[in-house]
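Notes for the one structure printed next.
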Amino acid sequence: MADDFFEQLAQAEVPPVPPRLDSQFRRRLNQLLLVTQLFDFTLKAMPYAAGHFIASVAHLIKLTVAGPSEPEPRQEPKQS
């Protein structure tokens, strides 16, 4: 039964490929790739970069207002 289907499929006439199929396909693919990359950049990369930027600016403001923190004095180990 499976052989009959494949034989019919092998003998079926296939229309020729339209000449503009390649250019239409590439145009649609490029548009889809552009949209997905912009979506990825907007929702993933920008918040990540903004978070790191905000953290560094907040640290800069903290250092400007409070000044550099002094290290705690080291405690020498007791020698017996």
Side-chain angles (χ1 to χ4, degrees):
M1 183 170 161
D3 292 332
D4 294 337
F5 173 71
F6 289 123
E7 287 176 13
Q8 290 175 359
L9 189 60
Q11 295 171 358
E13 293 294 322
V14 178
V17 177
R20 292 184 45 108
L21 180 69
D22 254 358
S23 63
Q24 289 174 350
F25 175 73
R26 280 187 280 139
R27 186 175 296 118
R28 286 178 49 208
L29 179 63
N30 286 340
Q31 288 175 351
L32 181 64
L33 287 173
L34 177 66
V35 167
T36 55
Q37 287 175 351
L38 286 175
F39 182 76
D40 190 37
F41 180 73
T42 305
L43 295 180
K44 291 182 181 178
M46 289 298 288
Y48 180 79
H52 283 280
F53 180 74
I54 290 170
S56 62
V57 169
H59 184 70
L60 176 67
I61 292 171
K62 177 183 168 189
L63 276 176
T64 302
V65 171
S69 61
E70 295 186 23
E72 295 180 14
R74 287 184 59 181
Q75 295 179 354
E76 295 295 324
K78 293 181 181 179
Q79 295 178 350
S80 307

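All residue numbers in this chain count up from 1 along the given sequence.
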**Asked** Is there a side-chain contact between Asn30 and Leu34, using heavy atoms and a 4.5 Å cut-off?
**Response** no

**Complete:** The reported gap from CG in Asp22 to CZ in Arg27 (rounded to nearest 0.5 angstrom) is 11.5 Å

**Message:** With clusters defined by side-chain heavy atoms of hydrophobic residues (ILVMFWY) lying less than 4.5 Å apart, directly or transitively, does Val57 cluster with Val65?
**Reply:** yes

**Item:** Co-membership, hydrophobic cluster, residues Met46 and Ile54, 4.5 Å side-chain
**Value:** no

**Asked** Do the side chain of Thr42 and the main chain of Phe39 share a donor and acceptor less than 3.5 angstrom apart?
**Response** no

**Asked** So how far is it from His59 NE2 to Thr64 OG1, rounded to the nearest 0.5 Å?
**Response** 9.5 Å

**Request:** Quick one: closest heavy-atom pair of Asp40 and Lys44, and the distance?
**Result:** OD1-CD, 2.7 Å

